[in-house]
Amino acid sequence: MVLKNIFWYFTKGLSSKQCEYILKQGGKQILKKGTVGDGGDKKLNVQKTVRDSNVCFLNDKKIYSFIAPFIKTANENAGWNFQCDWHESCQFTKYKKNHFYNWHQDAWKGCYPPDKGSYSNKARKLSSVVWLDNPKTYEGGDLELQEYSNKPTLFQTKQLMKKGSIIVFPSFILHRVTPVTKGTKHSLVTWTLGEEFK
């Protein structure tokens, strides 16, 4: 699939108040090491050479109401126009010093087996990330997306991404988070699903 845009972003996304709400909800949870896999053929497990971060999942309608309009707008403005009708629980992530997430995709063929409950016969189509901190409070932790030329394109820059900024991209796009070198970074990831691609 050739795409005109591999991402769409909003520098002015969520308000500071909305970010603080998400940070508060994430702070109430017990965070665990992020895992790799899909729970099906690829069993979920901790692989620190691939991913080192702490996460929890938030199933909060208020948070969905903050983010869903941006995902819808990005899907239309980027020209993807993917059929979508479901959101997974949001993943709240805390990256401390030296934490990272190597190159990976959020979706692949067979990502969800047909008997995966609410995800039955659905595919991850869009991934979205919200920056929850002032970028001056940490260093590193840059989001990079892989171009078709196999040359990574650094997307996140301190000039563009601010507290509340949002990026949306197709879930099959390769991406990574570089190591945090100073401070702590918090983000919120949402996966939007729809019928399998045809």
Side-chain angles (χ1 to χ4, degrees), residues 1-15 17-19 21-23 25-26 29 34-44 51 53 55-93 101 103-132 143 145-146 148 155 161 164-177 186-198:
M1 182 181 295
V2 178
L3 303 175
K4 182 179 179 181
N5 298 291
I6 65 166
F7 60 81
W8 198 265
Y9 68 94
F10 306 87
T11 51
K12 294 182 179 179
L14 302 191
S15 68
K17 185 176 180 180
Q18 289 172 323
C19 290
Y21 176 84
I22 295 169
L23 285 165
Q25 299 311 305
Q29 309 298 316
T35 56
V36 178
D38 69 355
D41 294 336
K42 297 182 180 181
K43 187 176 180 182
L44 293 170
R51 179 185 194 183
S53 60
V55 305
C56 68
F57 291 89
L58 304 175
N59 190 3
D60 185 320
K61 290 182 179 180
K62 191 171 183 179
I63 294 175
Y64 294 136
S65 73
F66 296 162
I67 302 168
F70 292 98
I71 297 171
K72 182 177 184 294
T73 298
N75 191 25
E76 294 171 354
N77 289 357
W80 305 319
N81 296 309
F82 295 158
Q83 179 278 330
C84 299
D85 56 17
W86 192 274
H87 297 292
E88 292 183 55
S89 296
C90 300
Q91 181 181 259
F92 177 85
T93 307
Y101 198 164
W103 288 112
H104 66 285
Q105 295 169 285
D106 292 340
W108 53 90
K109 185 171 176 60
C111 182
Y112 290 115
D115 60 347
K116 198 66 178 174
S118 299
Y119 306 142
S120 179
N121 299 314
K122 293 189 184 294
R124 277 183 181 173
K125 292 189 172 179
L126 296 172
S127 298
S128 57
V129 183
V130 181
W131 277 257
L132 296 172
L143 174 66
L145 291 94
Q146 186 85 16
Y148 297 110
F155 171 69
M161 306 312 289
S165 294
I166 301 171
I167 181 173
V168 183
F169 54 93
S171 297
F172 51 78
I173 295 292
L174 278 170
H175 57 286
R176 71 176 175 181
V177 177
H186 298 89
S187 63
L188 187 80
V189 177
T190 304
W191 299 286
T192 303
L193 288 67
E195 297 173 2
E196 292 279 359
F197 286 113
K198 298 177 180 178

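Below, all heavy atoms of this structure are taken into account, side chains as well, without hydrogens, waters or symmetry copies.
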Participant: Looking at Asn59 and Tyr64, what are the two nearest heavy atoms and their distance?
Facilitator: OD1-OH, 3.1 Å
Participant: Would you give the length of the straight line joining atom CD of Gln25 to atom NZ of Lys62, rounded to the nearest 0.5 angstrom?
Facilitator: 8.0 Å
Participant: Would you confirm whether Asn75, through its side chain, and Phe82, through its main-chain N or O, come within 3.5 Å as a donor-acceptor pair?
Facilitator: yes
Participant: Using atom types as modelled and distance alone, determine if a side-chain donor or acceptor of Trp80 lies under 3.5 Å from a backbone N or O of Asn5.
Facilitator: yes
Participant: Under a 4.5 Å cut-off applied to non-hydrogen side-chain atoms, are Ser15 and Phe66 in contact?
Facilitator: no
Participant: Are any non-hydrogen side-chain atoms of Leu3 and Phe172 less than 4.5 angstrom apart?
Facilitator: yes
Participant: When rounded to the nearest 0.5 angstrom, what is the spacing between CD1 in Ile63 and CG in Leu58?
Facilitator: 4.5 Å
Participant: Would you check if Lys125 and Gln83 make a side-chain contact, meaning some heavy-atom pair closer than 4.5 Å?
Facilitator: yes
Participant: Any chance you could lay out the side chain to side chain contact (heavy atoms under 4.5 Å, CB included) test for Leu188 and Leu14, step after step, and finish with the verdict?
Facilitator: CA-CA 11 Å; Leu188 187 80; Leu14 302 191; 6.0 Å; no
Participant: Below 4.5 Å, heavy atoms only, C-beta onward: do Glu88 and Phe57 meet side chain to side chain?
Facilitator: no
Participant: Yes or no on side chain to side chain contact (heavy atoms under 4.5 Å, CB included) for His175 and Phe169, after CA distance, side-chain angles and deciding distance?
Facilitator: CA-CA 10 Å; His175 57 286; Phe169 54 93; 3.5 Å; yes
Participant: Do any N or O atoms from the side chain of Gln91 and from the backbone of Val55 form a donor-acceptor pair under 3.5 angstrom?
Facilitator: no
Participant: Should Thr192 and Val168 count as side-chain neighbours, where that means a heavy-atom distance under 4.5 Å?
Facilitator: no
Participant: Knowing that exactly one of Val130, Val129, Ile71 qualifies, which makes a side chain to side chain contact (heavy atoms under 4.5 Å, CB included) with Ile166?
Facilitator: Val130
Participant: Hey, what do you get for CD (Gln105) to CG (Leu174), rounding to the nearest 0.5 Å?
Facilitator: 4.5 Å
Participant: Can a donor-acceptor pair be found, under 3.5 Å and without considering hydrogens, that links the side chain of His186 to the backbone of Trp131?
Facilitator: no
Participant: Do we see a donor-acceptor contact under 3.5 Å between the side chains of Ser127 and Ser171?
Facilitator: yes
Participant: Does some side-chain heavy atom of Phe70 sit less than 4.5 Å from a side-chain heavy atom of Trp8?
Facilitator: no
Participant: What's the spacing between Trp191 CH2 and Leu126 CG if we round to 0.5 Å?
Facilitator: 13.5 Å
Participant: Quick check: do Thr93 and Tyr101 have side-chain heavy atoms less than 4.5 Å from each other?
Facilitator: no
Participant: Kindly indicate, with the supporting measurements, whether the criterion side chain to side chain contact (heavy atoms under 4.5 Å, CB included) is fulfilled by Glu195 and Lys122.
Facilitator: CA-CA 5 Å; Glu195 297 173 2; Lys122 293 189 184 294; 5.6 Å; no
Participant: Locate the shortest heavy-atom distance separating Glu76 from Asn81; write the atom from each residue and the value.
Facilitator: CA-OD1, 3.8 Å
Participant: Within this structure, what is the CD1-OG1 distance for the pair Ile67 and Thr190, rounded to the nearest 0.5 Å?
Facilitator: 4.0 Å
Participant: Is any side-chain heavy atom of Phe7 less than 4.5 Å from a side-chain heavy atom of Ile173?
Facilitator: no
Participant: Going from OG on Ser128 to CD1 on Ile167, what distance comes out if it is rounded to the nearest 0.5 angstrom?
Facilitator: 10.0 Å
